[in-house]
Amino acid sequence: MALRRAATPLLRTQTRAASSTDLKEVVAAQIPGKIAEIKEFRKNHGGDSLGNVTVDMAYGGMRGIKAMVWETSVLDADEGIRFRGKTIPECQDLLPSAIEGGEPLPEALFWLLVTGEVPTAEQTQALTNEWNQRAGLPSHVAEMLDNLPKDVHPMAQFSAAVTLMNSQSKFAKAYAQGVNKATYWEYVYEDCMDCIANLPSIAGKIFNNLYGKHGHLPATDSGLDWSANYCNMIGFNDPKFIELMRLYFTIHTDHEGGNVSAHTSHLVGSALSDPYLSLSAALNGLAGPLHGLANQEVLVWLTQLIADLGSNEVSDEKLRDFIWNSLQGGRVVPGYGHAVLRKTDPRYTCQREFALKHLPDDKLFKLVSQLYKIVPDILLEQGKAKNPWPNVDAHSGVLLQHYNMTQMEYYTVLFGVSRALGCFSQMIWSRAVGLPLERPKSMSTEGLKKFLKV
Ligand code: AMX
């Protein structure tokens with residue numbers, strides 16, 4: 001029966017595309033079905049309510065308002081992230097890796113995010129090859145980075161470089177030429193792929209310019225995967241560090257659509273700003289201390305803690321005092337709490353497992369583990385944070401420190417390299433199904449009172 005149905009032209013294309021190693025061909029085959037699904041769903045349920053918006057939600061940062069569509073991942077408050085329905089441990093099991101039993105390749109996760117399908121090893125390799133072929137940093141971007149003063153924060157450098165890449169935008173050119181709306185996604189796809197291909201070079205150049213032993217940037221090596229290329233560019237060739245980067249670039253990709261960076265890319269992209277401009281806006285949001293910059297903040301905080309207490313081996317009592325002092329000084333404990341999660345972040349857990357496997361005796365890791373036992377009780381006792389458990393950022397820095405990437409102000413760049421994959425996988429779909437300009441209604445306090453007849 002299924003075979004008989006596969007004889008229609010659309011299904012024939014879909015069947016051929018499913019085994020294709022060309023990501024664009026696979027997405028192209030999926031798009032008509034998705035457009036039809038959304039059309040049908042809206043026709044039958046367009047008037048159904050998704051829930052009430054309260055005054056507290058409007059003042060409280062729009063928490064929990066179901067008001068945007070994001071296909072690539074969903075965040076459950078207790079369980080954590082699922083990428084196209086798959087948890088992090090499932091992705092670690094199912095996605096192709098560079099070494100036997102190793103960490104998943106971010107290429108494979110990108111394929112999963114875009115298509116909803118677990119790629120084969122051949123499809124993953126094809127994506128690696130394609131990104132390597134597309135790599136080639138425009139000279140004006142390299143020169144701009146070379147000429148920036150050393151005190152410009154790495155995230156500002158990163159965002160500026162991605163903005164400048166917009167000179168290469170195939171979408172912007174196609175739009176200016178007046179191409180048909182139905183084809184927007186194809187140009188956006190091209191830009192996303194070109195941009196991803198260049199992220200190791202941009203991040204590598206920023207690192208080498210600021211801290212590198214060699215000023216130059218090694219060229220993309222066609223024999224290396226995306227993460228290994230990045231590591232090679234910055235001269236970090238320990239195979240365990242390369243595995244760590246594969247894991248890092250996989251788990252930071254996507255966290256559904258409402259977080260600051262993903263939502264920003266979605267909002268800016270909805271104005272049909274090209275993918276470079278949309279991503280650089282997202283990076284500026286990621287650079288905030290309550291969001292991605294928290295991975296830098298955690299290390300700054302730990303460094304201060306060690307300096308103040310004189311050692312990284314301290315009693316629980318002294319740690320408690322330090323944490324209470326932090327809180328009483330009106331500061332947050334970086335790396336703890338979350339706007340959605342209500343349990344330990346599985347991105348924290350998988351990094352902890354990496355540490356238990358590869359660096360169980362690392363002193364900073366032991367301190368981070370000790371804090372895991374102490375901080376949640378203190379936050380609960382303080383009674384403010386809705387989630388006392390650690391998030392992804394509480395753990396990433398300690399792993400980087402172990403492998404001698406000690407430059408904490410650079411850490412959010414790594415988060416941004418990974419987050420691009422999540423933002424872009426949704427952006428391709430947003431243009432493919434023609435999501436419109438985002439324009440929620442805002443109200444003044446006076447308007448709210450009048451509306452509620454207060
Ligand atoms: N330490 C101290 N206080 C905290 C806290 C923490 N880790 N987390 C939350 N709180 C406080 C809030 O500041 C807020 O205080 P207020 O009433 O005086 O304004 C109160 O608890 C209620 O906040 P919430 O509803 O639990 O959290 P939120 O949704 O407003 O904010 C987050 C979420 C992540 C910004 C917050 O938990 C926080 O500031 N954490 C520390 C910074 C951090 O780790 N950020 C990274 C998050 C993950 C990511 O995006 N990369």
Side-chain angles (χ1 to χ4, degrees), residues 1-38 71-73 83-86 90-98 104-136 170-171 174 179-180 182-199 220 222-229 246 249-250 253-254 275 420-434:
M1 193 66 174
L3 275 178
R4 193 186 285 265
R5 286 222 319 271
T8 66
L10 175 60
L11 283 174
R12 251 202 319 273
T13 319
Q14 284 173 340
T15 313
R16 200 179 49 241
S19 59
S20 167
T21 52
D22 182 341
L23 178 61
K24 195 170 184 182
E25 192 177 70
V26 178
V27 197
Q30 291 181 339
I31 289 171
K34 191 76 198 173
I35 290 174
E37 181 195 341
I38 293 171
E71 305 283 2
T72 52
S73 69
F83 303 117
R84 291 285 192 166
K86 306 234 173 319
E90 285 166 357
C91 287
Q92 285 175 303
D93 268 358
L94 293 169
L95 296 180
S97 53
L105 285 158
E107 288 90 326
L109 191 83
F110 184 69
W111 187 291
L112 174 68
L113 289 174
V114 175
T115 66
E117 293 162 4
V118 172
T120 61
E122 291 71 32
Q123 287 169 327
T124 307
Q125 184 62 50
L127 207 46
T128 297
N129 296 344
E130 189 170 346
W131 288 353
N132 285 342
Q133 278 156 17
R134 284 174 185 258
K170 292 169 182 159
F171 173 74
V179 298
N180 190 302
T183 64
Y184 285 174
W185 79 268
E186 300 202 34
Y187 302 99
V188 163
Y189 176 93
E190 293 299 321
D191 282 353
C192 293
M193 296 286 276
D194 287 344
C195 185
I196 292 169
N198 279 299
L199 293 178
T220 301
S222 61
L224 298 178
D225 60 82
W226 193 63
S227 314
N229 250 311
R246 292 179 183 126
F249 289 148
T250 294
T253 49
D254 210 22
L421 303 189
C423 294
F424 283 159
S425 54
Q426 175 57 42
M427 205 176 293
I428 292 165
W429 277 104
S430 298
R431 300 292 78 79
V433 302

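Atoms considered below: every heavy atom in the structure, side chains included; atoms not considered: hydrogens, waters and symmetry mates.
- Rounded to the nearest 0.5 Å, atoms CG (Leu23) and CD1 (Ile428) are 6.5 Å apart.
- For the pair Trp226/Leu421, a side-chain contact is recorded, criterion being any heavy-atom separation below 4.5 Å from C-beta on.
- In terms of heavy atoms, Ser425 sits closest to Thr72 at OG-CG2, 3.5 Å.
- Not a single donor-acceptor pair under 3.5 Å links the side chain of Asp191 to the backbone N or O of Pro275.
- The shortest heavy-atom contact between Cys91 and Lys86 is SG-CB, 3.8 Å.
- For Arg431, there are no side-chain hydrogen bond (donor to acceptor under 3.5 Å, both in side chains) partners, not counting sequence neighbours.
- For the atom pair CH2 of Trp185 and SG of Cys192, the computed distance is 11.0 Å after rounding to the nearest 0.5 Å.
- Of all the heavy atoms in Pro96 and Ala108, the pair that sits closest is CD-CB, 3.8 Å.
- Taken from OG in Ser97 to CD in Gln92, the straight-line distance is 10.5 Å, to the nearest 0.5 Å.
- For Asn129, the side-chain hydrogen bond (donor to acceptor under 3.5 Å, both in side chains) criterion is met by Gln125, not counting sequence neighbours.
- When all heavy atoms are compared, the tightest approach of Glu25 to Ser20 is OE1-OG, 2.8 Å.
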Starting from the C-alpha separation in whole Å, work towards a yes-or-no answer on side chain to side chain contact (heavy atoms under 4.5 Å, CB included) for Ile196 and Trp131. CA-CA 7 Å; Ile196 292 169; Trp131 288 353; 3.6 Å; yes

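- At least one side-chain heavy atom of Ile38 sits under 4.5 Å from a side-chain heavy atom of Lys34.
- Exactly one of Met193, Glu190, Glu130 qualifies for a side chain to side chain contact (heavy atoms under 4.5 Å, CB included) with Lys24. That residue is Glu190.
- Residues passing the side-chain hydrogen bond (donor to acceptor under 3.5 Å, both in side chains) test with Glu117 are Gln30, sequence neighbours excluded.
- By the 4.0 Å N-to-carboxylate-O rule, Glu186 lies too far from Lys170 to be salt-bridged with it.
- Glu122 and Thr21 form no side-chain donor-acceptor contact under 3.5 Å, judged by distance and modelled atom types alone.
- In this structure, Trp429 and Val114 have side chains that are in contact, with non-hydrogen atoms separated by less than 4.5 Å.
- Residues Trp111 and Val26 are in side-chain contact: their nearest non-hydrogen atoms beyond the backbone lie under 4.5 Å apart.
- Side-chain contact between Phe249 and Leu109 is absent, with no heavy-atom pair separated by less than 4.5 Å.
- Under a 3.5 Å cut-off, the side chain of Asn180 and the backbone N or O of Thr183 do not form any donor-acceptor pair.
- Here the side chain of Arg84 pairs a donor or acceptor atom with the backbone of Leu113 at under 3.5 angstrom.
- Although no hydrogens or angles enter the test, the distance criterion places a donor-acceptor pair under 3.5 Å between the side chain of Gln426 and the main chain of Glu71.
- Across Phe83 and Thr250, no two heavy atoms sit closer than the pair CZ-O, 4.1 Å.
- Inter-residue side-chain proximity for Val118 and Leu95 is flagged as met; some heavy-atom pair is nearer than 4.5 Å.
- Between Thr128 and Leu224, the closest heavy-atom pair is CG2-O, 3.7 Å.
- Separation of atoms CZ (Arg134) and CG (Asp194) is listed at 4.5 Å; rounding is to 0.5 Å.
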